[in-house]
Protein chains: 2
Amino acid sequence: MNIGQAADQSGVSAKMIRYYEQIGLISPPHRTDSNYRVYGEDEVHVLRFIRRARTLGFSVEETATLLALWQDKTRASGEVKDIANSHIKALETKIAELEGMVKTLKHLAHCCHGDTRPDCPILDDLAGERH
Amino acid sequence: MNIGQAADQSGVSAKMIRYYEQIGLISPPHRTDSNYRVYGEDEVHVLRFIRRARTLGFSVEETATLLALWQDKTRASGEVKDIANSHIKALETKIAELEGMVKTLKHLAHCCHGDTRPDCPILDDLAGERH
DNA sequence: CCTTGACCTTACCACAATGGGAAGGTTTAT
DNA sequence: ATAAACCTTCCCATTGTGGTAAGGTCAAGG
């Protein structure tokens with residue numbers, strides 16, 4: 001099948017398939033005489049794996065590691081679990097960071113009367129004018 | 001004061017100060033005869049404003065808007081509050097997304113025995129092999 | 001058979017925000 | 001006078017994705 005069909009079936013855009021090939025995440029597929037890339041079910045399966053990992057927030061690099069582990073039939077599941085756990089930790093750190101921002105902003109927005117008067121606690125905070 | 005001092009006092013790196021100038025977020029400062037940028041208290045105050053806004057997760061573009069509103073003495077606080085509120089909403093969307101990922105990953109990690117056996121539910125999920 | 005449209009190819013450019021470094025000029029202190 | 005610590009501009013890299021342009025290919029229908 002051509003790259004367009006592979007994109008449709010995997011949910012990875014043709015653009016990204018070529019990119020993943022370029023950075024070595026996937027191996028170069030066979031080509032037709034007219035230089036078209038040709039994909040089979042196995043390749044689509046790999047692409048779906050990649051897409052799922054990306055959806056779960058793994059970086060392309062982490063995805064590469066998971067892919068290698070997936071294709072290594074003798075791997076230990078502990079390795080995979082470690083990657084997942086450290087990723088969970090990173091996500092939770094990010095969440096905490098965003099929640100801190102939300103908390104501060106909500107407080108400021110709550111204090112701001114939000115009408116046509118120029119007085120605004122949000123800007124005062126940004127300007128460092130604690131009061 | 002030179003850019004290095006301005007960077008120290010504002011918490012914005014010299015590199016970023018030049019960048020903010022280049023994209024028009026701040027106006028070009030005076031220069032000495034030897035072409036050095038010269039900053040005063042006002043400029044540092046602006047830089048601190050920018051840094052605080054960035055820390056709260058506002059994009060540079062949003063920061064530019066907030067900065068303009070800050071410098072407009074007749075602005076309505078409602079405008080600022082609207083920006084803050086829509087930013088809060090965007091942050092909360094992002095948080096929910098990350099939490100979805102964490103939830104899925106925690107479930108998968110919980111199911112994974114994480115020892116030396118090759119059997120691994122995390123990889124099975126990524127591969128799309130629901131069971 | 002030839003045209004048209006839908007595909008494919010490579011090769012660029014762009015984004016957002018930041019850091020790094022090189023090559024060269026200036027200032028300050030020893 | 002020289003060395004250290006600044007400053008200047010210019011270019012490159014990052015992450016992952018999208019866009020676009022110039023050109024080749026293939027299939028369907030007149």
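Every chain is numbered from 1, with letters handed out A, B, ... down the list of sequences.
Within 4.0 Å of T32(B), counting heavy atoms only, lies no atom of the nucleic acid at all.
Rounded to whole Å, atom P of dA23(C) lies 21 Å from atom CG of N35(B). In this structure, CG of D33(B) is placed 12 Å from C1' of dT26(C), rounded to the nearest angstrom. Here the P atom of nucleotide dA5(D) and the CG atom of D8(B) are 15 Å apart, to the nearest Å. Remark: C1' of dC8(C) and OH of Y36(A) are 4 Å apart, rounded to the nearest angstrom. Atom-to-atom, CD1 of I23(A) to P of dT15(D) comes out at 9 Å; the value is rounded to the nearest Å. Per the geometry, CZ belonging to R18(A) stands 15 Å off P belonging to dC12(C), to the nearest Å. Across the protein-nucleic acid pair, I3(A) atom CD1 and dC26(D) atom C1' stand 17 Å apart, rounded to whole Å. Residue F58(B) contributes atom CZ, which lies 18 Å from atom P of dA16(C) at whole-angstrom precision.
Within the 4.0 Å cut-off from OP1 or OP2 of dG19(C), at least one side-chain nitrogen or oxygen of S13(B) is found. Side-chain nitrogen and oxygen atoms of R31(A) include at least one within less than 4.0 Å of the OP1 or OP2 phosphate oxygen of dT10(C). An OP1 or OP2 oxygen of dG19(C) is reached within less than 4.0 angstrom by no side-chain nitrogen or oxygen of Y19(B). Residue R54(B) has a polar side-chain atom (N or O) positioned under 4.0 Å from OP1 or OP2 of dT18(C). Regarding contacts with the backbone of dT9(D), a side-chain N or O of R37(B) is found under 4.0 angstrom from either OP1 or OP2.
Under a 4.0 Å N-O distance rule, the pair E97(B)/K94(B) qualifies as a salt bridge. Between K106(B) and E92(A) there is a salt bridge, with a side-chain nitrogen of the basic residue lying less than 4.0 Å from a carboxylate oxygen of the acidic one.
Ring geometry for W70(B) versus F49(B): interplanar angle under 30°, hence parallel rather than tilted (30 to 60°).
Relative to the side chain of S34(A), the nucleotides dT17(D), dT9(D), dC26(D) differ in distance, and dC26(D) lies closest.
Put simply, the side chain of N2(A) never gets that close to the backbone of G4(A): no donor and acceptor are under 3.5 Å apart.
Ranked by how close their nearest DNA chain C nucleotide is to the 5' end, K15(A) and M16(B) are led by K15(A). In terms of position along DNA chain D, the nucleotide closest to N2(B) lies nearer the 5' end than the nucleotide closest to the other residue of the pair N2(B) and V60(A).
The environment of Q5(A) atom CD is dense: over 12 non-hydrogen atoms of other residues, nucleotides or ligands sit within 6.0 angstrom.
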